[in-house]
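Just so it is clear, the structure is predicted and the values come from calculations on it, not from any experiment.
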Amino acid sequence: MKRKAVITGIGLITPGGITLPEVWETLLRGQSTARPIDIFDVAPYPVTKAGIVEDRDIFEPFPARSLKRMDRFCSLAMAATHRALQDSGIDLQKIEPSSAGVYIGNMYGGWGVTDPSLRRLLTNGYREVSPYVASAWFPTAPQGQITIHWGLEGYSKTIIADTASSALAIGYAAQAIEEERADVMLAGGAESPITPYTYSFCVRSGRLNPAGYRFFDPEGTGFLVGEGAVILVLEELRAAQQRHAHIYAEVAGWATCYLPRANSLWSDEGKRFSRLITQALDNAQVTPDEIDYLGLDAQGILVADSAEAQAVGRAFATSSQQPLATTCKPTLTHLL
């Protein structure tokens, strides 16, 4: 019998809240959490709003000396992991260290430490560079810090695949449990692109919309970015049941594909994306009729949104009714 991976803990650090009730209320209000960027001078940028996390007390569980060595995207990941483990109620001390690991998705790495250090290097010389640049910037920093802090010795990887990184991290973590390479996995992602260097990439990509995040809008030209982290605790089903854990869901099936560089997921009017949805359904052994909700990619760009709508239409063409389809991104901003 195939092993099943289930979600027993959720850790959220988002611009719209840091608890499930907070984030849910934010989504119900339906108002964007983006606010003016005040961390650095954004006057030269055409888009001056982003989703920014309120620090509050999210970093309290960690010593200040440890946080000093981390970039913000890493500390956000640590905070989300702490909350996910609390929510799960799992005692990692009772688990064989080699059977627990972490898969983290990331896109940019960390530049909160590196960006100002490189600027000081240019103007003042090498003595002004932070000694933590190398370890703080590296995209694998959250993976390393999490495994060290919680003593995890099992399969651990960092996934870098543009905005699909965290979704792939969750899928691969579930697969590790199914294939008996792990019993417990922490999976999700973290990003903090609100620095002069990384934000310039976001702006120059042409994917940001000065008018705000308006998906499935004929006049939509992109989205607004934000920072945050989301970490899930995945466990093998029977072990979760034995400790009477609250089970949110099973990761039943997923699918991924490779796109040649010259193509995009939207260059064929969503035909490839439609096949990918169908493959995920087949892997999960569910039919289109059994799907109640569909979380959209929702790029806020007309050609992408139109192709996605066509992909959904094809994938659910035989369904008796279309599933509810929406996205939390315009509210929480696009956390990449």
Please report the closest heavy-atom contact between [X] and [Y], naming both atoms and the distance.
{"X": "Cys74", "Y": "Gln145", "answer": "SG-CG, 3.5 Å"}
{"X": "Ala190", "Y": "Ala229", "answer": "CB-CB, 3.8 Å"}
{"X": "Asn209", "Y": "Gly220", "answer": "ND2-CA, 4.3 Å"}
{"X": "Arg272", "Y": "Cys257", "answer": "CD-SG, 4.0 Å"}
{"X": "Ile160", "Y": "Pro139", "answer": "CD1-CB, 3.6 Å"}
{"X": "Gly105", "Y": "Ala169", "answer": "N-CB, 3.8 Å"}

Decide whether [X] and [Y] meet the rule of one side-chain donor and one side-chain acceptor closer than 3.5 Å.
{"X": "Ser117", "Y": "Thr114", "value": "no"}
{"X": "Arg243", "Y": "Ser88", "value": "yes"}
{"X": "Asn106", "Y": "Ser165", "value": "no"}
{"X": "Asp115", "Y": "Tyr199", "value": "no"}
{"X": "Glu235", "Y": "Thr8", "value": "yes"}

Using side-chain contact (heavy atoms from CB on, under 4.5 Å), reason through Asp297 and Lys329 one step at a time and then give a plain yes or no. CA-CA 9 Å; Asp297 186 43; Lys329 292 177 182 177; 3.2 Å; yes
Does [X] use its side chain to pair, donor to acceptor, with the backbone of [Y] at less than 3.5 Å?
{"X": "Thr14", "Y": "Gly17", "answer": "yes"}
{"X": "Ser135", "Y": "Val133", "answer": "no"}
{"X": "Ser205", "Y": "Cys202", "answer": "yes"}
{"X": "Asp183", "Y": "Ser99", "answer": "no"}
{"X": "Glu22", "Y": "Ile18", "answer": "yes"}
{"X": "Thr140", "Y": "Thr158", "answer": "no"}
{"X": "Arg214", "Y": "Gly300", "answer": "no"}
{"X": "Thr81", "Y": "Ala77", "answer": "yes"}
{"X": "Glu236", "Y": "Ala239", "answer": "yes"}
{"X": "Gln299", "Y": "Asp305", "answer": "no"}

Could you tell me whether Arg3 and Glu180 have a side-chain N and a carboxylate O separated by less than 4.0 Å? no
Spacing of [X] atom [atom1] and [Y] atom [atom2] [to the nearest 0.5 Å]:
{"X": "Arg204", "Y": "Tyr45", "atom1": "CZ", "atom2": "OH", "result": "10.5 Å"}
{"X": "Gln285", "Y": "Glu290", "atom1": "CD", "atom2": "CD", "result": "10.5 Å"}
{"X": "Gln175", "Y": "Asn283", "atom1": "CD", "atom2": "CG", "result": "10.0 Å"}
{"X": "Ile39", "Y": "Thr195", "atom1": "CD1", "atom2": "OG1", "result": "9.0 Å"}
{"X": "Thr19", "Y": "Ile10", "atom1": "OG1", "atom2": "CD1", "result": "11.5 Å"}
{"X": "Leu12", "Y": "Ile58", "atom1": "CG", "atom2": "CD1", "result": "11.5 Å"}

Taking the side chain as everything from C-beta on, heavy atoms only, tell me whether [X] gets closer than 4.5 Å to [Y].
{"X": "Asp162", "Y": "Met107", "answer": "yes"}
{"X": "Ile247", "Y": "Gln241", "answer": "yes"}
{"X": "Ile194", "Y": "Ile37", "answer": "yes"}
{"X": "Ser306", "Y": "Glu269", "answer": "no"}
{"X": "Tyr126", "Y": "Leu121", "answer": "yes"}
{"X": "Gln279", "Y": "Thr256", "answer": "no"}
{"X": "Thr26", "Y": "Thr331", "answer": "yes"}
{"X": "Glu227", "Y": "Glu191", "answer": "no"}

What do you reckon, is [atom1] of [X] surrounded by more than 12 foreign heavy atoms closer than 6.0 Å?
{"X": "Lys49", "atom1": "NZ", "value": "no"}
{"X": "Phe59", "atom1": "CZ", "value": "yes"}
{"X": "Tyr293", "atom1": "OH", "value": "yes"}
{"X": "Asp292", "atom1": "CG", "value": "no"}
{"X": "Arg238", "atom1": "CZ", "value": "no"}

Before you tell me yes or no, could you show the steps for Tyr197 and Trp137 under ring-ring contact (aromatic ring centres under 6.0 Å, His included), namely the whole-Å CA-CA distance, both residues' side-chain angles and the distance that decides it to 0.1 Å? CA-CA 12 Å; Tyr197 183 66; Trp137 166 83; 9.9 Å; no
I'd like to know if [Y] and [X] are part of one continuous hydrophobic network [Ile/Leu/Val/Met/Phe/Trp/Tyr, side-chain heavy atoms within less than 4.5 Å].
{"X": "Leu186", "Y": "Met78", "value": "yes"}
{"X": "Val42", "Y": "Val225", "value": "yes"}
{"X": "Ile104", "Y": "Leu234", "value": "no"}
{"X": "Leu152", "Y": "Ile95", "value": "yes"}
{"X": "Tyr132", "Y": "Phe73", "value": "no"}

Decide side-chain contact (heavy atoms from CB on, under 4.5 Å) for Ile177 and Met185; before the verdict, give the C-alpha distance in whole Å, the side-chain angles of both, and the deciding distance to 0.1 Å. CA-CA 8 Å; Ile177 291 174; Met185 293 294 293; 3.9 Å; yes
List the steps, then state whether side-chain contact (heavy atoms from CB on, under 4.5 Å) holds for Asp87 with Val233. CA-CA 9 Å; Asp87 184 50; Val233 176; over 6 Å; no
Can you tell me how the ring of Tyr213 sits relative to the ring of Phe223, calling it parallel under 30°, perpendicular over 60° and tilted otherwise? tilted
Please lay out, stage by stage, how Glu178 and Lys2 fare under the test salt bridge (charged side-chain N to carboxylate O under 4.0 Å, His left out). CA-CA 7 Å; Glu178 292 167 0; Lys2 180 182 176 182; 3.7 Å; yes
Show me the donor-acceptor pairs within less than 3.5 Å that the side chains of residues 60-71 make with the rest of the protein, sequence neighbours left out.
unit_1, atom_1, unit_2, atom_2, d
Asp71, OD2, Trp111, N, 3.3
Asp71, OD2, Gly112, N, 2.7
Asp71, OD2, Val113, N, 2.9

I would like to know whether Phe316 and Leu294 meet side-chain contact (heavy atoms from CB on, under 4.5 Å); could you show each step before the answer? CA-CA 11 Å; Phe316 292 89; Leu294 184 65; 4.2 Å; yes
